[in-house]
Each structure stands twice: as C-alpha cells, then as structure tokens.
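As the structure lists them, so they are numbered: ligands from 1, and atoms in each ligand from 1. If you're wondering where the values come from, they're calculated on a predicted model, not measured in any experiment. Along the sequence shown, residues carry numbers from 1.
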Amino acid sequence: MDRLISLECCVSIFVLIIGISVPMVYILETWYHDRGIISEHKMKLMIGIMSARENFEYRQALRSTWIKDIGAINQVSDNVEYKFVIGSKGCDIHMKNRKDIYSCERLNYFKPRKLQKDEFPFFTTEISESRGVKEEHVAFMYNLSITMRYPIIVKRLGLHLSVHLTRRPITVQIIDASTEQSVLSAKFNTVDGGIVLQDSELGINNYRFQPVHHVLLPKGFEGQLVITCDDNITLSPGLLDFTFMDNTGGTLDFEPIDGKNYPIQSEDLNYFIVPNIIGSIHEEEKFDAELRNSVILDSEHVIHEEHADEELLEEIDLYNDIIFVDVTDVYRNLPRKLLLFHKWVHSDRSVQFVLKTDDDCFLNIIEIMKSLTRGLSARKSWWGNFRENWFVERTGKWAEKHYRSTEYPAFACGSGNIVSNDISEWLASNSEDFFIYQGEDTSMGIWLSALGPSYVQDDNWSCYKDCKENVLTIPQLTVEEIQQYWNTMQTCGKLCSC
Ligand SMILES: *[C@@H]1O[C@H](CO)[C@@H](O)[C@H](O)[C@H]1NC(C)=O
Ligand SMILES: *[C@@H]1O[C@H](CO)[C@@H](O)[C@H](O)[C@H]1NC(C)=O
Ligand SMILES: *[C@@H]1O[C@H](CO)[C@@H](O)[C@H](O)[C@H]1NC(C)=O
C-alpha cells in the first residue's frame, strides 16, 4: 500500500516537473532561436583560453565581458564551457637570470679560465681519465650555432690541430644568422697555419689560432661559427686522449649544426669542437657583479612567486574556471600547454568542438555559436583564419631551429580557431609523441598537416587588432580595450562602434 502511494506521488511530481520545464525550455529556446542561437543541435563547445599565471587582470576582464555571454547561452542547455589554461609551475628563476624572456633557462655564468690578461679560449681540452678513446666513438663538430648571452670581444679564431692543413686555405668564420653575412673570418693553410698557444694548465695546445680584428658580439647575437674549405677536410688522428671542455663562461650557448644549419641531435657521443674562439668579456666587472647578484635575485623572485601562488589559489576558489597543466608557465611551453589542454578535455569532458584562444582576445561568442550551428562538419574540421606560406624564422622570438623547411604548413591564427572533436582527440592521444616546435599555432599547423583536416578558411577569425563588425575575435587587446568592446556591445549590439 505504502509503495503504491509513494509511486503515485513520484509520478505526479515527475509530471509536474515535466509540465513546468518543457514549456520553459521551449520558451527559452524560441527566444534564443529568434536571436540566432539555436540549441537543438545540443552541441558542446569547449573553449580553452591560454593564460599566463600573472595575467589575473586579463582573466578578470574576460570574466566581466564576453564570458558573461556563455552564461546566457547556457540558460538553454549546457552548450558552452570555458577554462583558462595555466601552467602549474611558475619559473623560479628571476627574469634577469634567464637566458631570454621566453623560456625558463638559467644563465649559467661562470669564471672562464684565462689564458693571458683578460683573454680566454672558449673551448679547451683536458687529459682524459679514460685515455685512448677510439676514433669511431668521437664526433668532430665542424659547425656550431651560437647565441651570445653576454657581450664578448672576439680576438682570435682557432682550428683544431687534428685538421690536416693543405695549401688551399681552411676558413673559420662567424656568420650573423639574421643577415647571413660573415662578421669575422680567419684562414689557415700550410703557409700560414697560425700559432699554437701553449698553456698546459688550460689545455688549449690542441688548437691553432689566427688573430682577427677585435669585434664585439653583443648580448643576443645569433650566428654560426663555421668551417669552410674548397677541399675535403681530412683529420690526423692521435689527439683523442683528451676530453672536451666548455670554457665559455656561459657567455654563449652553442649547438652543433649540420651543413644546412639544422641542429645535430646526438646525445651520448664524445665530441670535439673543431673551430675555436679567443675573446674577452666586455666590462668584466659588470659580469662579476651579475655573477654575485644572481643568487639574491633568485631568492627575491621565489618570494614573489609564492605570493603569486597564493593569489592564484584564491582565484581558483572564487571562480573554479582554471585548469592547471603540468608545464612551467613560459612562452616556449605553449605548444605543450595546448596539447595538455586537449588531453584534459578528453579525460574529463565530452564535447563536439574545441576552441583555442588567448587571454588578450575578445571573443564574439554569440556570433561564433550562430556560425557553428549553421554547420561545421564534426569530422576532421579545422575552422580558422589560416596563414599560408609563412616564412620560418630562425632567429628572435619566433626562432624555429628544427623544422626542416623554409615555410610552415597552413596554420590558424591563435586568436581563435576551432577543431572538431576527432582532431582534438587525436592530439590528446598522441600528445606525448609530438615534436614540440616553436609556437603553439605553428606547431598545430605542422602536427595537423599529417592528418589532412578540412581547413575551413574564415577571415572573420581576425588575426589583427583592427575591429570589423561580425568578426569572431579581436586579438592583442589591453584590459581597457576588452572592456570597451563589451561596453559598445551592451550599448548598441554592435562591436566596433555605435
Ligand atoms: C671530396 O670527397 C668526395 C667524396 O669522398 C669526392 O667525391 C670528391 O672528389 C672529394 N673532393 C675533393 C676536392 O677532393
Ligand atoms: C659547415 O658550414 C659551411 C658553411 O655553411 C658548409 O659549407 C659546410 O658544409 C659545413 N660543414 C659541415 C661538416 O657540415
Ligand atoms: C563573415 O561574417 C559575415 C557576417 O556574418 C558573413 O556574411 C560572411 O560570410 C563571413 N565570412 C565567411 C568567410 O564565412
């Protein structure tokens, strides 16, 4: 008896709920339908907003502007979700102790071992612990890419003694990577083979040197130290009882490169660097001071970071709209960050489309949803504004050293683009295997070129800051500008001006 009553009760409550909610949903849907926001597809769009840890004001600006529209859209059904994507670790190195502002790599200055006065050879050798390294286990690195981390004055260029001299000269030179012009060069042949500087303590008696005009290589200089010769270079063996030593003082980074300037990726080889440099540190007292100060700066920075961590925790408590991905939060890690976001989407959510944007962009989410409902295929679709034939830069912020082509495959502007779920899933499941190229947008282009997606080109995903009505996104904004676009929209329903 009791059971029957409760059943009856349940049924009537059920009918009541249906009775109220169905017309409600219908009314809301009709209202949104009229405004062009159709919900019958019941699509789910996940928006990932790449954000830096310290960009609290930007996140706040987005929350108080276009993100509010997500709330309105979701009153019909849960169609759209957004998350800020932030690296879980801050960089614990003070900006002044980093190699550049894009990475979290420490400048590892040390006192180089001097030859005479203030001069020091960059590469030295030392008698090996395990004497008699077999020749086939030694790699001779002829060419290097170099990046100056501290200004130095070049005074001599050198060549390893194992290189067999001929009558035709062998040239050691420094080339400026951005202009591709030779900055300095020295020639070695049987007539003038330079001098071997003897300093048993330093162990540079395996190199011959020629003097050059003194040239200052500024901090940030990017170039190549290369050897060229009209003949084939031959080596005289017998000098392999030495271990190669880095004596650069951390004033530069070097990486062996092949004949086409791409990095040679060999890890566990014994190697000798064939060319050499003798130089002196420009303003050495300043260098010494930086060396001493670095520890203090780092400890100050750690305190600053701890404070930032606390603020971030409060922000999470308050808004619950941040996901942390396991990377150090710096520019160079953006590709990894993007992949980990896709991974998160697939471990945690069921969606149809995934949108990527940045925290300095204004998204016209109402327009995006209108266009999306008009039909983007759910199979291998990539909707964005594509850069074609984009030149691969080898120096500066966008330096890409590994991609072996002069142009990137098509990639969508990072201010906003959408992939269908299958693409997102493919990225998620291969995330560990992808090579991480420079930049998240260019990396996406390279990865996805293997998949052959349908590139849905749409200029309305603006790559530039200028505003046009109907654009789906506006990038590179200040916090004030984001607010301004929102105000205009609220005032007259237009984006650019009333
Ligand atoms: C250099 O070596 C290559 C391959 O061993 C050979 O074909 C070429 O003739 C050599 N060039 C000179 C100038 O000796
Ligand atoms: C080193 O660089 C020069 C100049 O770019 C090039 O001609 C030469 O082939 C390179 N050598 C090697 C061993 O890659
Ligand atoms: C850009 O938006 C306008 C207005 O909504 C639309 O008419 C146009 O077709 C869009 N462009 C593309 C390439 O879809």
Side-chain angles (χ1 to χ4, degrees), residues 35-38 138-146 157-160 162-164 166 168-188 222-235 254-266 269 271-277 353 355 362-377 381-388 394-395 401 404 406 410 412-413 415-418 454-464 466-474 489 493-496:
R35 291 185 65 200
I37 311 161
I38 309 166
V138 177
F140 284 85
M141 300 301 185
Y142 294 92
N143 293 347
L144 306 178
S145 76
I146 55 173
L157 291 176
L159 182 68
H160 201 268
S162 60
V163 174
H164 195 71
T166 60
R168 296 173 89 172
I170 294 172
T171 308
V172 175
Q173 57 181 330
I174 295 175
I175 293 168
D176 183 326
S178 54
T179 62
E180 294 178 11
Q181 299 295 310
S182 175
V183 178
L184 269 175
S185 74
K187 291 188 187 311
F188 300 81
E222 294 182 64
Q224 290 111 25
L225 176 63
V226 300
I227 293 179
T228 52
C229 180
D230 290 338
D231 288 333
N232 289 335
I233 292 173
T234 55
L235 300 170
F254 60 91
E255 185 174 31
I257 49 174
D258 63 18
K260 289 179 171 173
N261 293 346
Y262 293 113
I264 295 173
Q265 284 165 308
S266 66
L269 275 173
Y271 65 96
F272 279 96
I273 289 180
V274 182
N276 207 342
I277 295 174
F353 298 103
L355 188 159
F362 188 95
L363 280 197
N364 192 348
I365 189 68
I366 305 263
E367 284 299 318
I368 292 170
M369 293 309 283
K370 274 190 204 170
S371 301
L372 203 54
T373 44
R374 262 188 241 124
L376 178 68
S377 161
S381 290
W382 192 8
W383 178 28
N385 193 356
F386 292 92
R387 308 249 197 217
E388 316 266 349
R394 304 295 182 188
T395 61
K401 312 264 190 202
R404 295 182 84 97
T406 51
C413 284
S415 52
N417 61 84
I418 292 182
S454 46
Y455 297 85
V456 183
Q457 165 61 34
D458 188 342
D459 301 343
N460 290 331
W461 291 102
S462 182
C463 301
Y464 298 105
D466 45 309
C467 183
K468 282 188 236 112
E469 288 303 331
N470 299 322
V471 289
L472 303 176
T473 180
I474 313 166
M489 256 185 129
K494 284 182 176 173
L495 191 55
C496 304

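At least one donor-acceptor pair closer than 3.5 Å links the side chain of Asn364 to the backbone N or O of Val471. Looking only at distances, no side-chain donor or acceptor of Glu222 sits under 3.5 Å from a matching main-chain atom of Ser178.
Within 6.0 Å of CD in Glu180 there are 12 or fewer heavy atoms belonging to other residues, nucleotides or ligands.
Ligand 2 has a nitrogen or oxygen under 3.5 angstrom from a nitrogen or oxygen of Gly259. An N or O contact shorter than 3.5 Å links Asn143 to ligand 2 by distance.
Every atom of ligand 3 is numbered from 1 in the order shown, and the set under 4.0 Å from a heavy atom of Asn460 is 1 (C), 2 (O), 3 (C), 8 (C), 10 (C), 11 (N), 12 (C). Near Asp258, the atoms of ligand 2 lying under 4.0 angstrom from a non-hydrogen atom of the residue are 14 (O). Interface atoms of ligand 2 facing Ile227, defined by a heavy-atom separation under 4.0 Å, are 1 (C), 3 (C). Near Val226, the atoms of ligand 2 lying under 4.0 angstrom from a non-hydrogen atom of the residue are 2 (O).
At a cut-off of 3.5 Å, with distance as the only test, a side-chain donor of Asp458 or Trp383 sits close to an acceptor on the other residue.
Heavy-atom minimum distance, Arg387 versus Tyr464: NH1-OH, 3.0 Å. Taking every heavy atom of both residues into account, Val172 and Gly158 meet most closely at CG2-O, 3.6 Å.
Taking the side chain as every heavy atom from C-beta outward, Leu157 and Ile277 approach each other to under 4.5 Å.
By the criterion of a heavy-atom distance under 4.0 Å, neither the backbone nor the side chain of Asn261 is placed next to ligand 2. When heavy-atom distances to ligand 2 are checked against a 4.0 Å cut-off, Ile257 has no atom that comes that close, whether in backbone or side chain.
Counting protein heavy atoms only, atom 13 (C) of ligand 3 is closest to Asp458 OD1, 3.5 Å. Annotation: atom 4 (C) of ligand 2 to nearest protein heavy atom, Thr228 CG2, 3.6 Å. When only non-hydrogen protein atoms are considered, atom 5 (O) of ligand 3 lies nearest to Asn470 CG, 3.9 Å.
Within a 4.0 Å radius of atom 2 (O) of ligand 3, the protein contributes one or more non-hydrogen atoms. Of the protein's heavy atoms, none falls inside 4.0 Å of atom 9 (O) of ligand 3.
Using cut-offs of 30° and 60° on the angle between ring planes, the pair His160 and Phe140 is perpendicular.
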